[in-house]
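Handing you a structure now.
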There are 2 protein chains.
Amino acid sequence: MKRNTKQGEVILTVIKSAGRPLTPLEVHELAVKKVSRLGIATTYRHLKSLTESNQVVGVDYPGQPPRYEWADGKDKVHFACRSCDKLFALEDTTGDAPPAEAPEGFRVQGFEVMLYGICPECG
Amino acid sequence: MKRNTKQGEVILTVIKSAGRPLTPLEVHELAVKKVSRLGIATTYRHLKSLTESNQVVGVDYPGQPPRYEWADGKDKVHFACRSCDKLFALEDTTGDAPPAEAPEGFRVQGFEVMLYGICPECG
DNA sequence: ATGTGTGCAAACAGTTTGCAAGCTT
DNA sequence: AAGCTTGCAAACTGTTTGCACACAT
């Protein structure tokens with residue numbers, strides 16, 4: 001995706017301004033408001049290419065559809081509500097160990113840490 | 001899944017003794033060795049029910065199939081290798097903040113923290 | 001003018017469901 | 001005997017791909 005198209009611009013803008021991770025369907029629904037006739041396949045194609053170029057990152061929450069959010073370079077802390085299933089992107093916190101990282105009002109019941117990198121066999 | 005069947009027993013044993021998160025296909029392939037004629041649907045049915053009863057937890061890694069692992073009650077730290085795409089379940093560490101949690105030999109390039117709980121609106 | 005990006009529809013992969021038969025209780 | 005569980009195949013959902021046309025370069 002190296003050319004400037006209306007579709008690409010709108011899709012990126014939607015993700016950038018969402019402030020939380022969106023599912024492919026949500027991205028598409030929001031983007032269609034600006035470009036009617038936008039095909040779902042185009043949305044998927046852009047999500048893939050934006051992910052590959054690291055402008056967008058995928059966030060997965062078991063048992064739920066994948067979500068995508070703007071990659072601002074910072075590592076992320078997310079909060080998944082077990083009641084409403086919404087996903088929140090939390091502000092970069094103090095760097096405390098996980099259970100302490102949620103702001104007031106969020107009741108943490110458990111956490112999962114995923115580290116990315118190179119394993120001993122591959123390194 | 002309240003009855004004791006050969007299939008259920010084998011599937012749980014496979015997950016318990018894997019020591020790392022397995023995809024549904026991996027679970028099925030390993031279980032078939034003990035119960036030939038085991039249907040893939042049965043594997044999915046047990047994964048779902050084991051997850052619902054919290055004996056097993058799902059671990060997702062964007063762009064990869066879902067994985068399931070034995071839930072021993074502890075919160076988990078996982079390491080995803082960007083070269084071979086394998087997933088490792090790391091020992092429960094010191095409780096340090098994420099970048100410091102990997103044992104020697106693992107080169108951490110980034111991390112993702114997922115907190116589970118109840119959000120302010122639902123709480 | 002060239003060739004990438006798009007929309008559409010068809011193809012796909014992974015997961016779920018309906019059903020008759022088998023097994024556990 | 002009652003009814004949960006299984007295997008099979010068909011149905012579904014979410015994602016990808018082939019193709020002809022449109023548009024950015």
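Computed over heavy atoms, backbone and side chain alike; hydrogens, waters and symmetry mates excluded. On a predicted model such as this, the values are computed, not experimentally measured, just so you know.
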*Just how far, in rounded Å, is C1' of C/dT17 from CG of B/L47?*
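Distance check: B/L47 CG to C/dT17 C1' gives 16 Å.
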
*Identify, residue by residue, the members of residues 1-11 of chain B with a heavy atom below 4.0 Å from DNA chain C, and return them in order of residue number, or none.*
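B/R3, B/N4 - these, ordered by number, are the residues of the stretch whose heavy atoms sit under 4.0 Å from the strand.
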
*For the pair A/H78 (side chain) and A/R20 (backbone), establish whether a donor and an acceptor sit closer than 3.5 Å, ignoring hydrogens and angles.*
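Between the backbone of A/R20 and the side chain of A/H78 there is no qualifying donor-acceptor contact (under 3.5 Å).
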
*When all nucleic acid strands are considered with a 4.0 Å heavy-atom cut-off, which category describes B/P65: base, sugar-phosphate, or nothing?*
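Nothing, no nucleic acid heavy atom in range.
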
What donor-acceptor contacts under 3.5 angstrom involve side-chain atoms of residues 1-9 of chain B, with partners at least two apart or in another chain?
residue, atom, partner, partner atom, Å
B/T5, OG1, B/G8, N, 3.1

*Out of curiosity, A/F106 CZ to B/I118 CD1, how far, rounded to the nearest 0.5 Å?*
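Here the interatomic distance stands at 11.5 Å.
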
*Write down the distance between CZ (A/R45) and P (D/dG18), rounded to a whole number of angstrom.*
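Rounding to the nearest Å, CZ of A/R45 and P of D/dG18 are 11 Å apart.
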
*Using the ring of each side chain (for Trp, its six-membered ring), is B/Y61 parallel, tilted or perpendicular to A/Y116, with breaks at 30° and 60°?*
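Because their plane-to-plane angle lies in the 30° to 60° range, the rings of B/Y61 and A/Y116 count as tilted.
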
*For atom CD1 of B/I40 and atom P of D/dA10, their distance in whole Å*: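 Nearest whole value for this atom pair: 17 Å.
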
_Neighbours of DNA chain D within residues 22-38 of chain B, by heavy-atom distance under 4.0 Å_ =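 By residue number: B/R37, B/L38.
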
*Working for side-chain contact (heavy atoms from CB on, under 4.5 Å), residues B/I15 and B/L47*: CA-CA 10 Å; B/I15 298 174; B/L47 284 175; 3.7 Å; yes

*When rounded to the nearest 0.5 angstrom, what is the spacing between CG in A/D60 and CD in A/E112?*
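Interatomic distance, A/D60 CG to A/E112 CD, rounded to 0.5 Å: 11.0 Å.
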
*Given the rule in the side-chain contact (heavy atoms from CB on, under 4.5 Å) test, do A/L25 and A/I40 qualify, once you have shown the distances and angles that lead to the verdict?*
CA-CA 8 Å; A/L25 215 69; A/I40 185 74; 4.2 Å; yes

*How long is the span from the OG atom in A/S17 to the CG atom in A/L12, to the nearest 0.5 Å?*
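Taking OG in A/S17 and CG in A/L12, the distance rounds to 9.0 Å.
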
*Would you say a side-chain N or O of A/H46 is under 4.0 Å from OP1 or OP2 of C/dT6?*
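Answer is yes, contact under 4.0 Å.
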
